[in-house]
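Okay, so here's the structure we're looking at.
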Amino acid sequence: MNLDVVQSFLEIYRRGSLTAAATARGLSQPAVSGHLRRLEEHLGESLFQRTGQGVTPTARADLLAHRLGSHLDEVKAALRESDEEGWTGTVRIGAAAEITAARLVPGLSSLAGPGLQLRFTTGHPEGLLPELVEGRLDLVVSSVRPRMPGVEAVPLIDEEFVLIAAPGIARRVDPELLSSSPLKALASLPLVAYSEELPIIRRYWRSEFGQRPGNPVALLVPDLRAVLAAVVAGVGVSVLPRYLAGPAVSVGQAEVLHEPVVAPLNTLHLARQGGVPPTPAASRVARRLRELASSWGDL
């Protein structure tokens with residue numbers, strides 16, 4: 001498949017009409033129809049249902065557009081941008097406060113300057129992704145896979161979770177009981193959590209121990225960096241991304257209580273507004289984020 005075929009498919013998908021896609025591409029409608037036919041023959045299935053108002057994508061078309069869209073747009077942006085264009089403009093990035101401080105700002109700061117300005121907005125995906133759809137953000141690093149219309153996303157990196165405690169609390173845990181019956185060994189330990197719903201802790205408990213935690217909650221604070229500070233201070237135990245917990249563990253301020261066979265992971269996605277080609281500056285920042293993610297490994 002060549003790029004012409006893929007470009008025609010994406011224009012049909014985004015515009016809902018072969019005629020509109022042909023106009024956008026500067027081609028005849030038969031040429032665009034031929035591109036679509038070639039792609040459908042290659043895949044062995046139809047990608048659109050024809051209607052009186054245009055075309056409706058199939059589930060296969062939705063999946064294909066999701067996988068191809070952002071990549072092709074960035075290829076096109078890279079081909080048309082000059083070095084100067086890629087270093088000018090403003091790029092608005094949304095992400096959780098913790099990864100913004102720990103990874104994004106240190107990693108992207110070398111790009112910032114008089115020509116290229118970076119603007120960070122911190123928050124949760126449920127608040128950031130609508131901002132992306134409305135065009136008020138250019139990129140979002142999302143801790144959930146975006147499934148809302150108007151958003152295209154690709155996996156960026158996996159974050160790994162670890163159960164940690166201060167050394168004084170860790171010494172209260174019987175290692176033999178922890179190995180044979182971890183729920184019983186951990187049952188009396190107080191929790192330090194991000195919210196009342198215990199989202200990260202609950203996920204770890206269900207993944208590793210098969211049920212929700214029944215431990216008392218000693219402290220709630222809506223910032224994972226503050227959760228780490230409370231754990232180090234000996235308030236209780238918690239589950240945190242390894243990129244946050246790692247420095248404290250490495251200097252002996254905290255210890256990993258439990259070593260799962262397969263560490264629980266969560267995939268972070270890099271999202272952008274669907275159907276709108278990225279600016280050269282946003283394309284450059286997105287490429288830099290992917291380069292950084294490949295060097296980070298699992299967070």
Side-chain angles (χ1 to χ4, degrees), residues 94-104 122-129 140-148 151 153-166 169-170 173 177-232 235-249 254-271 293 296-299:
E98 297 85 357
I99 195 167
T100 298
R103 287 291 187 267
L104 302 189
T122 60
H124 303 295
E126 58 267 26
L128 296 173
L129 293 173
V140 168
V141 177
S142 174
S143 58
V144 299
R145 179 182 174 184
R147 299 181 183 275
M148 60 194 305
V151 176
V154 294
L156 181 65
I157 194 170
D158 290 330
E159 55 180 353
E160 178 185 336
F161 294 108
V162 291
L163 174 60
I164 64 168
I169 290 184
V173 179
L177 186 61
L178 182 64
S179 176
S180 62
S181 182
L183 275 176
K184 186 178 294 186
L186 300 171
S188 64
L189 300 181
L191 301 177
V192 179
Y194 184 84
S195 73
E196 293 279 2
E197 292 75 25
L198 313 180
I200 301 175
I201 296 172
R202 186 180 68 242
R203 177 173 178 172
Y204 190 98
W205 249 249
R206 283 180 168 171
S207 171
E208 297 305 314
F209 312 135
Q211 65 183 62
R212 294 170 60 97
N215 304 54
V217 179
L219 187 148
L220 291 173
V221 57
D223 187 306
L224 294 181
R225 294 164 297 184
V227 169
L228 175 60
V231 170
V232 169
V235 176
V237 305
S238 195
V239 178
L240 289 170
R242 186 175 289 278
Y243 74 88
L244 281 179
V249 172
E255 295 182 11
V256 176
L257 283 181
H258 177 251
E259 294 287 356
V261 176
V262 178
L265 300 175
N266 180 58
T267 301
L268 301 181
H269 288 78
L270 181 59
W296 290 335
D298 289 342
L299 289 177

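Residues take their numbers from the sequence shown, with the count starting at 1. The analysis underlying the following values was restricted to heavy atoms, covering all of them including side chains, and did not include hydrogens, waters or symmetry mates.
- The CG atom of Leu129 lies 6.0 Å from the CE atom of Met148; values are rounded to the nearest 0.5 Å.
- With a 4.5 Å cut-off on side-chain heavy atoms, Ile169 and Leu189 count as touching.
- Across all non-hydrogen atoms, the minimal contact from Leu128 to Ala95 is CD1-N, 3.4 Å.
- At a threshold of 4.5 Å between non-hydrogen side-chain atoms, the residues Ile164 and Leu257 do not count as touching.
- Without hydrogens or angle criteria, Ser181 side chain to Leu183 main chain gives no donor-acceptor distance under 3.5 Å.
- Counting only heavy atoms from C-beta outward, the side chains of Pro146 and His269 approach each other to under 4.5 Å.
- Side chain of Asn215 to main chain of Pro190: no donor-acceptor pair is present (N/O by atom type, distance under 3.5 Å, no hydrogens or angles).
- Atom CG of Leu244 and atom CG of Asp223 lie 9.0 Å apart (nearest 0.5 Å).
- For Glu196, the CD atom counts as loosely surrounded, since its 6.0 Å shell holds 12 or fewer non-hydrogen atoms of other residues, nucleotides or ligands.
- Checking side-chain atoms of Arg203 against main-chain N and O of Leu265 turns up a donor-acceptor pair under 3.5 Å.
- The shortest heavy-atom contact between Leu220 and Ser195 is CD2-O, 3.4 Å.
- The two residues Ser143 and Pro125 have their closest heavy-atom pair at OG-CG, 3.4 Å.
- Among all heavy-atom pairs drawn from Tyr194 and His124, the shortest one is OH-CE1, 2.5 Å.
- With rounding to the nearest 0.5 Å, the separation of CG in Leu268 from CD1 in Ile157 is 7.0 Å.
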Criterion side-chain contact (heavy atoms from CB on, under 4.5 Å) on Val162 and Tyr204, from CA distance to verdict: CA-CA 8 Å; Val162 291; Tyr204 190 98; 5.9 Å; no
Between Val249 and Val256, does a side-chain contact (heavy atoms from CB on, under 4.5 Å) hold up when you go through it step by step? CA-CA 7 Å; Val249 172; Val256 176; 4.2 Å; yes
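- Contact annotation: the side chain of Leu191 approaches that of Pro213 to within less than 4.5 Å [non-hydrogen atoms, C-beta and beyond].
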Step by step, work out the side-chain contact (heavy atoms from CB on, under 4.5 Å) result for Leu270 and Val140. CA-CA 6 Å; Leu270 181 59; Val140 168; over 6 Å; no
Apply salt bridge (charged side-chain N to carboxylate O under 4.0 Å, His left out) to the pair Glu98 and Arg225, showing each step before the final yes or no. CA-CA 7 Å; Glu98 297 85 357; Arg225 294 164 297 184; 5.2 Å; no
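- For the atom pair Trp296 CH2 and Leu156 CG, the distance stands at 7.0 Å (nearest 0.5 Å).
- Annotation: Phe209 is in aromatic contact with His258 [ring centroid separation under 6.0 Å].
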Taking it one step at a time, do Val217 and Val192 satisfy side-chain contact (heavy atoms from CB on, under 4.5 Å)? CA-CA 6 Å; Val217 179; Val192 179; over 6 Å; no
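- In this structure, the separation between CD on Glu259 and CG on Leu178 is 10.0 Å, given to the nearest 0.5 Å.
- Side-chain contact check for Leu219 versus Val221: some heavy-atom pair is nearer than 4.5 Å.
- The structure places CD1 of Ile99 at 4.5 Å from OH of Tyr243, a figure rounded to the nearest 0.5 Å.
- Of all the heavy atoms in Val232 and Ala248, the pair that sits closest is CG2-CB, 4.2 Å.
- With a 4.5 Å cut-off on side-chain heavy atoms, Leu240 and Ile200 do not count as touching.
- Summarising the geometry of Ala165 relative to Val237, their closest heavy-atom pair is CB-CG1, 3.5 Å, with the distance given to 0.1 Å.
- Side chains of Asp158 and Asn266 form no contact here, defined as non-hydrogen atoms less than 4.5 Å apart.
- Glu159 places none of its side-chain heavy atoms less than 4.5 Å from the side chain of Arg242.
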